[in-house]
Amino acid sequence: MLLEQIHSPDELKKLSIEDLPKLAKEIRNFLIESLSETGGHLASNLGVVELTLALHYLFESPKDKILWDVGHQAYVHKLLTGRREQFPTLRQYHGLCGFPKMSESEHDVWETGHSSTSLSGAMGMAVARDLQQLDHKVIAVIGDGALTGGMALEALNHIGVEKKDLIVILNDNEMSISPNVGALHNYLGRLRTHRHYNKIKDEMEALLAKIPVAGQPFKKTLERVKDSLKYLVVDGVLFEELGLTYLGPVDGHELEELMEILRQAGDTEGPVLVHVVTKKGQGYEPAENDSVNYHGVGTYKIESGAFQKKASSAPQYPSIFGKTMIELAQQDQRIVAITPAMLTGSKLEDFAKHFPERCFDVGIAEQHATTFAAGIATQGLKPVLAIYSTFLQRGYDQVIHDVCRQNLNVIFAIDRAGFVGEDGETHQGIYDISFLRNQPNLTIMMPKDENELRQMLYTASQYDDGPIAIRYSKGSGTGIAMDQEWNKIPIGKSEILRSGNDAAILAFGTMVSPALEAADFLAQEGLNIRVINARFAKPLDKELLLGLAEEKLPILTVEEASLAGGFGSAVLEFYEEQGVQAFVSRMGVPDYYVEHGSIQEQLKEVGLTSDGIIQQIRGITVKRKQRA
Ligand SMILES: Cc1ncc(C[n+]2csc(CCOP(=O)(O)OP(=O)(O)O)c2C)c(N)n1
Ligand SMILES: CC(=O)[C@@H](O)[C@H](O)COP(=O)(O)O
Ligand SMILES: [Mg+2]
């Protein structure tokens, strides 16, 4: 096995080029087998085997800097840089990260997870290299999906004028997670299909060379035809006009061709874009035939590709969202769904089939998606922006400047709120309460179960007094039966679920269940704990909060979100503003980045469990007795 001999790019370089196809096959088999046990981003990595081999064979990582956009396709890079033995721990607690991680290897020169950052990072590295008169290559590998991200276009705009030596490898497999979308995608399609342009051009040049002097006037005309042909078949003209040398398109699975064009790129001065055409899922039929569902996989059977279903009794919140959206759109023509490239993850595929004219996948473009929703809202429609909490961070100014300030009726369906598990620190959905709560006009709510999610979506669809955010987890609900009728939830009203006079737990969203468990357990110790489904982080239930203070009840707030600026902070601020003394303790995510693992492991790590709540309640009730 060649792969077992390789622990660094230096050992790769000892192989002959003729060995590489065999090594590529071994790598593909390794990925298919290993990820059948661990899950992970399978299709994207199968598509970049030859590309990654060629890069590490030709260039000198880590002296030469190789950056991986999004970074979900860096498993081959990790295999070639000494981490093969760690793959059984991929994306597991304290195991191998699913994205580039500087602490893992000197070859991971740039950490990613969110899309479209590689070109800006690469440009920074190129400028710093030149300012320090250093001499190494900077190479950014970016997918066709990631290229639709605004940041990438901002970077290209800068790269093109600074003319720094920089290699952009565009890994074009025509796919984002779903099929890629947009005008840029269509343009790349024309480039891909006009590969023979260079052949026509060469043939015309050969013909021109044969034209005798007498034919000069004709020759000039033909020259102009040849040059205009370039615009006809758009051979990289967009990138060339932006100031980059365009090379390609090249077959990203043909190692010889790939090596040749990458050598050429390495020898080209100034910024170069190499257009590499690959197939997402290459070499594994189930993934080739369905790269959408094999983009991110759980465990599966290798022979059939069949996924092993996770046993979960209750439906997952995103599925409830997708189903409810169809119900609402059937009865309300104003409803419009928007997703920034997460149609599948947000469970909007069925909605898109039912209402194609009212469903927009705008690509990896969260800023545009947010302001696009604002534009729709100005015309009396009801846009629902389905967006992961972590990716909403990309559209923050647009939330402020375009939606909240103009007080527009946009519904933010904030999916993956709370811990997300295996994607880890770059994807945790734990900051949205903190970064949204300071916005005037915005309502923020979170359901305690899947039935309440459905009712919150209905409530939001009927709410015409400004923007409203509903945040919900990626996980399963509680299995509760769904109400048949629609029930509007009174804005700003919490819900007492369990009475008690020894302490009160103000639980937010997913923390309601563990709070109820803790209260039931504490009852055995004679402690009578009131449990309240807080429901709203904004506006707060002022009447309820004032009542708790009046009763001098110790209060514990619990949220699966950043403690700093979260729901608990809002409660503290409320009492301070009211000049009311209250005994408030808070539970939430402390001030550090929580790495990959399962959601349960992440919750346990920060104490957001029923046991953790029990400990806290014991503590605050003891203090209460001491005060008495
Ligand atoms: C800002 C941001 N939005 C959305 C995502 C979710 N996401 C991860 S990979 C991906 C598609 C990337 O497509 P491409 O760059 O073409 O890579 P491929 O998987 O095709 O290799 C998306 C939308 C993300 N990681 N970051
Ligand atoms: C790499 C990336 O950002 C996406 O693939 C993300 O991992 C999707 O997350 P879900 O699997 O929760 O939809
Ligand atoms: Mg792609």
Side-chain angles (χ1 to χ4, degrees), residues 39-49 51-52 68-76 91 97-100 112-119 140-152 169-182 184-185 188-189 192 252 276-282 287 291-298 310 316-319 339-348 361-370 386-396 415-429 473-475 596 599:
H41 286 98
L42 178 64
S44 309
N45 282 283
L46 290 172
V48 295
V49 173
L51 174 58
T52 310
W68 301 91
D69 204 288
V70 182
H72 62 313
Q73 82 293 56
Y75 297 179
V76 183
R91 292 161 42 99
C97 179
F99 301 98
T112 38
H114 280 195
S115 173
S116 319
T117 66
S118 65
L119 301 192
V141 180
I142 184 166
D144 55 309
L147 193 64
T148 64
M151 274 190 74
I169 310 275
L170 170 56
N171 172 32
D172 179 7
N173 54 25
E174 303 181 62
M175 296 298 288
S176 183
I177 295 179
S178 309
N180 201 2
V181 294
L184 200 54
H185 166 67
L188 293 177
R192 281 191 301 272
V276 179
V277 178
T278 63
K279 180 160 186 57
K280 196 163 180 176
Q282 174 79 5
S291 67
V292 174
N293 288 310
Y294 282 81
H295 170 85
V297 298
K310 283 186 199 136
Q316 296 196 298
Y317 283 102
S319 304
T339 173
M342 301 306 283
L343 191 80
T344 308
S346 297
K347 299 291 183 204
L348 280 173
D361 176 354
V362 296
I364 305 179
E366 290 83 5
Q367 298 181 1
H368 164 63
T370 304
I387 189 163
Y388 289 19
S389 167
T390 192
F391 301 143
L392 180 59
Q393 292 162 194
R394 270 288 164 84
Y396 186 42
D415 192 345
R416 274 50 172 196
F419 287 126
V420 295
E422 293 71 17
D423 276 336
E425 60 189 272
T426 52
H427 285 64
Q428 303 294 18
S473 150
K474 83 180 278 185
H596 51 282
I599 292 176

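Here, residue 1 is the first one in the sequence, and each next residue gets the next number. Counting starts at 1 for both ligands and their atoms, in listed order.
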Tell me whether the rings of His114 and His427 are parallel (<30°), tilted (30 to 60°) or perpendicular (>60°). perpendicular

Atom indices of ligand 2 within 4.0 angstrom of Lys474 heavy atoms, with elements: 12 (O)

Within 4.0 Å of some non-hydrogen atom of Phe391, the atoms of ligand 2 are 3 (O)

Please confirm whether [X] comes under 4.0 Å of ligand 1, counting heavy atoms of the residue only.
| X | answer |
| --- | --- |
| Ala43 | no |
| Gln73 | no |
| Ser176 | yes |

Around the Mg ion (ligand 3), what protein N, O or S atoms are found below 2.8 Å? Asp144 OD1, Asn173 OD1, Met175 O

Does only the side chain of His427 get under 4.0 Å from ligand 2, or the backbone, or both, or neither? Count heavy atoms. side chain

List the closest protein heavy-atom neighbour of atom 21 (O) of ligand 1: residue, atom name, distance to the nearest 0.1 Å. Asn173 ND2, 3.4 Å

Considering non-hydrogen atoms of the protein only, which is the closest contact for atom 3 (N) of ligand 1, and what is the distance? Glu366 OE2, 2.7 Å

Measure from the side-chain N and O atoms of Asn45 to the backbone N and O of Tyr75, and report whether any donor-acceptor pair falls under 3.5 Å. yes

Answer with yes or no whether Glu422 contacts ligand 2, where contact means a heavy atom under 4.0 Å from a ligand atom. no

Non-hydrogen atoms of Asp423 versus ligand 2: any pair closer than 4.0 Å? yes

Residue of the set Leu51, Ile142, Asp69 for which side-chain contact (heavy atoms from CB on, under 4.5 Å) holds with Ile169: Leu51

Do any nitrogen or oxygen atoms of Arg394 lie less than 3.5 angstrom from nitrogen or oxygen atoms of ligand 1? no

Please state which part of His41 comes within less than 4.0 Å of ligand 1, counting heavy atoms only: side chain, backbone, both or neither. neither

Ligand 1 versus Asp144, non-hydrogen atoms closer than 4.0 Å: side chain, backbone, both, neither? both

Nearest heavy atom to atom 4 (C) of ligand 2: which of His41, His72, Gln73 does it belong to? His41

So which of Asp423, Thr426, Ile177 gets nearest to atom 7 (N) of ligand 1, if we judge by its closest heavy atom? Ile177

